[in-house]
Amino acid sequence: MPSNPIIVALDVPDAAKAVDLAHRLDPALCRVKVGKQLFTSAGPKCVEQLASLGFDVFLDLKFHDIPTTVELACRAAADLGVWMLNVHALGGPDMLAAARRGVGNGADAPLLIAVTLLTSMNQAALQAIGLAGQPEDVVLRLARLTQDCGLNGVVCSAQEASLLRATLGPGFVLVTPGIRPAGSDMNDQSRTMTPKAALQAGAHYLVIGRPVTHAPDPMAALRDILQSINE
Ligand code: C5P
C-alpha cells in the first residue's frame, strides 16, 4: 500500500473553489483528482496551479477516441506534469497501446490507467450495447487487456478489487472510488466500502470526494480517514 493512498476528488465548478479547497488540504497527506467538470471549466491552468501547490494530480478525463487522438491527448496530459491519467479500456487494444506511446515509459512518466466498465453500467446496459457476460466478467476481461497493453492499472469498484488483485498481481495499480468512511453519508453511491476494507481488498488508491470536500473541516475529515486506515 502506498504511504499516501487517498485521492481527493475536487468535484467543484471552478478554479477558485478548487484552489480554495486545495489550500485547506495537505499535499503530504493526499493527492487530488481533477475530473471533467473542473477541467472543462478551469482548464490546464488549474492543473498547473494544483501541482504548484505540491499536489500530485490525477487527471480523470477518461479519454476514448481513435488511437492517434488518444496518443496525442495523453502526451499533452503528460506534458502538463500530471501524476496519473486515464483512458477507457473499451477503446480497444490499439487505442490502449497508443495511450502508452503517448505517455511514454520513462521513469518520470505519469501512471496510466484505464476505466474498465463504468460502475453505472448494469447487466441491462451491457446487453443494450451488445456486451456479453456479467459485469464482473467484462471488468476482468478489460482489466487483462489493459495489463497486456502495458498500462499501469485500472479504476475499479472496491468490490472487484480482491478478484483483480489475485488475478493481475501485486504490481497492477487498482484505484477505487465509491469509498465511504463508516457512518458517513452515502450520497448517490450504493455499493460502498470503508477505506480500510478497500485497501485490505487490494486497492492501492482510494478516490474520496464528498466525505472530505463537503466536511466543515476537510483536513480533519482526511485525518480521521487516515487514522481509520492505520487503526
Ligand atoms: O463524492 P464521492 O466520494 O462519491 O466521489 C467519487 C468520485 O469518483 C467522483 O469524482 C466520481 O465521479 C468518481 N467515480 C465514481 N465511480 C466510478 C468512477 C468514478 O464515483 N465508477
Side-chain angles (χ1 to χ4, degrees), residues 5-14 17-18 21-22 24-25 30-42 46-47 50 55-64 82-91 111-123 125-126 131 135-136 138-140 142-143 146 151 153-161 163-164 173-199 201-216 218-219 221-222 224-226 228-229:
I6 311 276
I7 303 172
V8 177
L10 298 180
D11 293 325
V12 292
D14 56 51
K17 289 201 170 61
L21 197 47
R24 301 170 73 193
L25 296 168
C30 67
R31 305 162 202 265
V32 294
K33 177 171 93 71
V34 172
K36 285 193 168 98
Q37 179 195 16
L38 179 58
F39 191 79
T40 303
S41 84
C46 181
V47 172
L50 294 166
F55 287 94
D56 282 347
V57 178
F58 169 22
L59 189 61
D60 178 23
L61 297 181
K62 303 184 182 71
F63 296 132
H64 188 179
V82 302
W83 160 74
M84 180 189 273
L85 70 145
N86 61 2
V87 298
H88 262 286
L90 281 169
L111 289 170
L112 175 63
I113 64 171
V115 174
T116 53
L117 204 56
L118 294 170
T119 45
S120 50
M121 302 275 287
N122 58 17
Q123 177 83 61
L126 288 192
L131 276 181
E136 300 72 44
V138 177
V139 166
L140 187 55
L142 290 170
T146 299
L151 276 68
V154 290
V155 182
C156 65
S157 85
Q159 274 76 18
E160 294 150 359
L163 172 67
L164 295 183
V173 173
L174 302 181
V175 178
T176 60
I179 302 296
R180 285 293 176 271
S184 78
D185 194 333
M186 291 293 139
N187 310 111
D188 53 357
Q189 298 282 7
S190 49
R191 295 184 307 133
T192 63
M193 237 189 229
T194 64
K196 188 167 188 159
L199 291 168
H204 281 115
Y205 297 105
L206 314 176
V207 174
I208 305 181
R210 288 160 289 186
V212 173
T213 59
H214 287 193
M219 196 58 224
L222 179 62
D224 286 348
I225 293 170
L226 290 169
S228 77
I229 290 170

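Numbering of ligands and ligand atoms starts at 1, following listing order.
Residues that satisfy the side-chain hydrogen bond (donor to acceptor under 3.5 Å, both in side chains) test with Asn187, not counting sequence neighbours, are Arg180. The side-chain hydrogen bond (donor to acceptor under 3.5 Å, both in side chains) test applied to Gln37 returns no partner, not counting sequence neighbours. With sequence neighbours left out, the side-chain hydrogen bond (donor to acceptor under 3.5 Å, both in side chains) criterion links Lys62 to Asp60.
When all heavy atoms of Ala161 and Thr176 are compared, the closest pair comes out as CB-CG2, 4.5 Å.
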If you look at each N/O of ligand 1, which protein N/O atoms lie under 3.5 Å away, and at what distance?
residue	atom	partner	partner atom	Å
ligand 1	1 (O)	Arg210	N	2.7
ligand 1	1 (O)	Arg210	NE	2.8
ligand 1	3 (O)	Arg180	NH1	2.9
ligand 1	3 (O)	Gly209	N	2.8
ligand 1	4 (O)	Arg180	NH2	2.8
ligand 1	4 (O)	Gln189	NE2	2.9
ligand 1	4 (O)	Arg210	NH2	2.8
ligand 1	10 (O)	Asp11	OD1	3.3
ligand 1	10 (O)	Asp11	OD2	2.7
ligand 1	10 (O)	Lys33	NZ	3.0
ligand 1	20 (O)	Gln189	NE2	2.9
ligand 1	21 (N)	Thr119	OG1	2.5

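For Lys196, the NZ atom counts as densely surrounded, since its 6.0 Å shell holds more than 12 non-hydrogen atoms of other residues, nucleotides or ligands.
Each of Thr119, Ile208, Thr192, Val207 was compared with Pro177 under the side chain to side chain contact (heavy atoms under 4.5 Å, CB included) criterion, and only Val207 meets it.
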